[in-house]
Structures are given as C-alpha cells and as structure tokens.
Amino acid sequence: MKSGIWMPAGLLTPENHHGREAIMQGTNYISVAELALASLLILVSAGVSLWLKLGLTKRILISAVRAIVQLSIVGLLLKWIFASNQWYWVLLIIVVMTVIAGFSARSRGSYVYRGLTRDALSSVWLASWLSAAVGLYAVLHIRPWYSPQYVIPLLGMVLGNCLTAVALCLDRLTQDLRQQQARVEVMLSMGATGWEAYRDTARSAVVAGMLPTINQLSVVGLVSLPGMITGQILAGASPDQAIRFQLFTMFLICAGSAGGCLLCAVFVYRHVFNRCWQFCSWRLRRRKTDKI
C-alpha cells in the first residue's frame, strides 16, 4: 500500500497487523446459534403476510433460505479467494458478477428487442468497471492491482447500483417509445432527426434510472446510516474515516449509474432508429413472461 493512503478497517489487508487487532477488539462475534435466533425475525414478515392474506408467505421463506445459501457460498468462496490472492481468480469472480448483473438488468423490463442482452451487459460492464477503476487506481492507489479485499467489494457495490439504474432506464425507455410511437412519428414527419425525436424520451428515462441513486445521495446520514458506515464503525474504524469512505463509494456509485444510463440510452437509440431516421417500433416486443 502506498504511504499516505488511509486504510478503512472494513477492507484491511492481511499485512496490516495493527488493523487486524483493532478489528478483533472492536467487532462482536456472531455465532451460528445467534444468527439462527436472529433469523426467527423472518417469521414476523411471514406472519404479517399470513395474517393479511398477502400471498407472500411462501416467497418470503424461500427468499430467506436462498439468501442464507447464497451468502454462505459467497462467504466461503471469498474466504478462499482472499487467502489465495491470485489475480486470475479475482478476475474470474468479477467477470461472473458483471455477467449476472447484465442479465439481471435485461430481465426486468416489459419490452424486449434483439440485442437487448448485449446492450444491458455492455452498459453495466463499461460504466461500472470504469467508475471502479478510477476509484481503485486513481484515488486509493491499491497495490497489487487485483487486491481482492478492495476490488471485489467496491466493484460489487457499483455493479449492484448500476444494474438497478440500467434496468429502470431500459424499462422506461422501451415502454415510453412503444406508448409514444405516434408522437415520435409525428416529429419525424415534421422534419426532426431521429435523435431529436428520441431525445426527450431518453432524457426522462435517464432521470428515472438515476433517481434512486440521487435520492440515496441526498438523504444519506439524515434518514439512516449506510451499511458501509455501520460496518466499518462496528469493525473499529473511526467515524470520520468511515464517512469519508462511504462518500467515496457513493460518488463511484453515482458515476457508474449515470454512465450506465447514458450508454443504455445510446444503445437503445441505435436499435430502434435506422440510418434513415426511421422509427422501427416493430423491433420492440412485449415480453412474454414478465419477471417479478
């Protein structure tokens, strides 16, 4: 690690002996039995669903079991990757994370078109990796470049928020284009270029994709403490350093979400308008089975 670069307690490297001692002194250990006791709180949500006849009881319980299994597997996998500290394993896991995020982003909209998967994956990949790279190498100056304690969690947070932004932007774009087909065609008939007819729809879709990130950024610390601040404080970091790292992370997330939405809007434009500025509305097809 470069001298002069502060090191958050939540992302300490194995060489930082004093940091490890701080974590061990400041962190409460949660046993399996205590975690099982806490998991009983899920029954409260299931009970509410059962009482109000919401029909969500089975889904709540299945989702809880899936979360336990998934996070347990991820925990074991990350423990092994951190111990091995090899660049190819780090690269493999972030590629898998990116592919899953891209497919998740493309599966949430009401309309589809040929090339949707490629566009969603490209938007999430380019925006999140570029944003994370700036933070990891221009701000934190991590060494080595593949340090798993930094690369995996930071890129994971950017990916998660970028996929949400891209999914919202895609859904809004395709719905508005299909529902406002007449307006777009009227503008084209009056001499507007394809981009001029598309611009307002793209702008509103980018706003829709960015809103969750902007809302989170505007109320952070007022409504609740974000998970990273809470985790680092519990791990023994000073509150001011935890807050600085949270702000740094949120700036990365905001940049990744904005970039993902912008790329998404450009990619969709290339598919729904041809070189003669004709609106190819027939390329947008309603999804046969909407994802919930």
Side-chain angles (χ1 to χ4, degrees), residues 10 26-81 93 96-112 120 124 128 152-172 175 208-209 211-235 242 246 249-250 253 257 286-292:
T27 304
N28 291 325
Y29 176 78
I30 298 179
S31 66
V32 175
E34 291 167 337
L35 183 60
L37 180 62
S39 68
L40 295 177
L41 295 173
I42 292 294
L43 297 178
V44 175
S45 300
V48 170
S49 173
L50 195 62
W51 179 40
L52 297 178
K53 299 180 180 179
L54 302 178
L56 297 175
T57 305
K58 183 178 179 180
R59 291 173 59 184
I60 290 172
L61 296 177
I62 292 176
S63 298
V65 172
R66 284 186 59 182
I68 294 171
V69 173
Q70 291 168 185
L71 288 178
S72 298
I73 294 174
V74 168
L76 293 173
L77 182 61
L78 290 179
K79 183 178 180 180
W80 179 76
I81 290 176
I93 194 169
V96 171
M97 290 164 57
T98 304
V99 171
I100 293 174
F103 275 87
S104 298
R106 60 88 58 198
S107 64
R108 300 187 181 185
S110 302
Y111 290 87
V112 297
V124 171
S128 59
I152 294 175
L154 282 177
L155 181 60
M157 284 184 285
V158 177
L159 274 173
N161 287 271
C162 188
L163 104 81
T164 300
V166 170
L168 291 172
C169 185
L170 269 175
D171 186 42
R172 182 68 173 268
Q175 282 198 59
L211 271 180
T213 302
I214 296 173
N215 290 339
Q216 183 183 9
L217 191 63
S218 63
V219 299
V220 62
L222 299 178
V223 177
S224 64
L225 288 178
M228 178 168 284
I229 293 180
T230 304
Q232 290 200 54
I233 291 176
L234 289 175
Q246 178 65 54
T249 306
M250 295 193 71
I253 289 172
S257 299
R286 178 169 287 277
R287 190 185 298 274
K288 292 181 180 178
T289 55
D290 291 343
K291 303 292 183 180
I292 299 177

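Ala208 and Pro212 make their closest contact through O-CD, 3.5 Å (heavy atoms, listed as atom of the first residue, atom of the second, distance). Closest approach of Leu163 and Ser104 over heavy atoms only: CD1-CB, 3.9 Å. Across Ser72 and Ile68, no two heavy atoms sit closer than the pair OG-O, 2.6 Å. Val124 approaches Cys162 most closely through the heavy-atom pair CA-SG, 3.9 Å. Closest non-hydrogen pair, Ala105 versus Ala120, comes out as CB-CB, 4.3 Å.
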key: Verdict with reasoning, Leu78 to Ile93, per side-chain contact (heavy atoms from CB on, under 4.5 Å)   = CA-CA 9 Å; Leu78 290 179; Ile93 194 169; 4.0 Å; yes

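Residue Met97 holds its CE atom at 5.0 Å from CG of Leu155, rounded to the nearest 0.5 Å. Here Leu159 contributes atom CG and Ile253 contributes atom CD1; the two are 10.5 Å apart, rounded to the nearest 0.5 Å. The OG atom of Ser45 sits 13.5 Å away from the CZ atom of Arg59 when rounded to the nearest 0.5 Å. Note that the CG atom of Leu50 and the OG1 atom of Thr57 stand 4.5 Å from one another [nearest 0.5 Å].
Between Leu61 and Lys58, the closest side-chain pair of non-hydrogen atoms is not below 4.5 Å.
Partners of Arg106 according to the salt bridge (Lys or Arg N to Asp or Glu O under 4.0 Å) rule, which considers only residues two or more places apart in sequence or in another chain, do not exist here. Residues satisfying the side-chain contact (heavy atoms from CB on, under 4.5 Å) criterion with Leu40, sequence neighbours excluded, are Leu37, Leu43. A search for side-chain hydrogen bond (donor to acceptor under 3.5 Å, both in side chains) contacts involving Gln175 returns Asp171, not counting sequence neighbours. Listed by chain and residue number, Ser49, Leu52, Leu56 satisfy the side-chain contact (heavy atoms from CB on, under 4.5 Å) test with Leu54 (two or more places apart in sequence, or in another chain). Under the rule for a side-chain hydrogen bond (donor to acceptor under 3.5 Å, both in side chains), the partners of Thr213 that lie at least two apart in sequence or sit in another chain are Ser257.
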Table please: side-chain donor-acceptor pairs of residues 214-222 below 3.5 Å, with sequence neighbours left out.
from, atom 1, to, atom 2, distance (Å)
Asn215, ND2, Leu211, O, 3.3
Ser218, OG, Ile214, O, 3.2
Ser218, OG, Asn215, O, 2.9

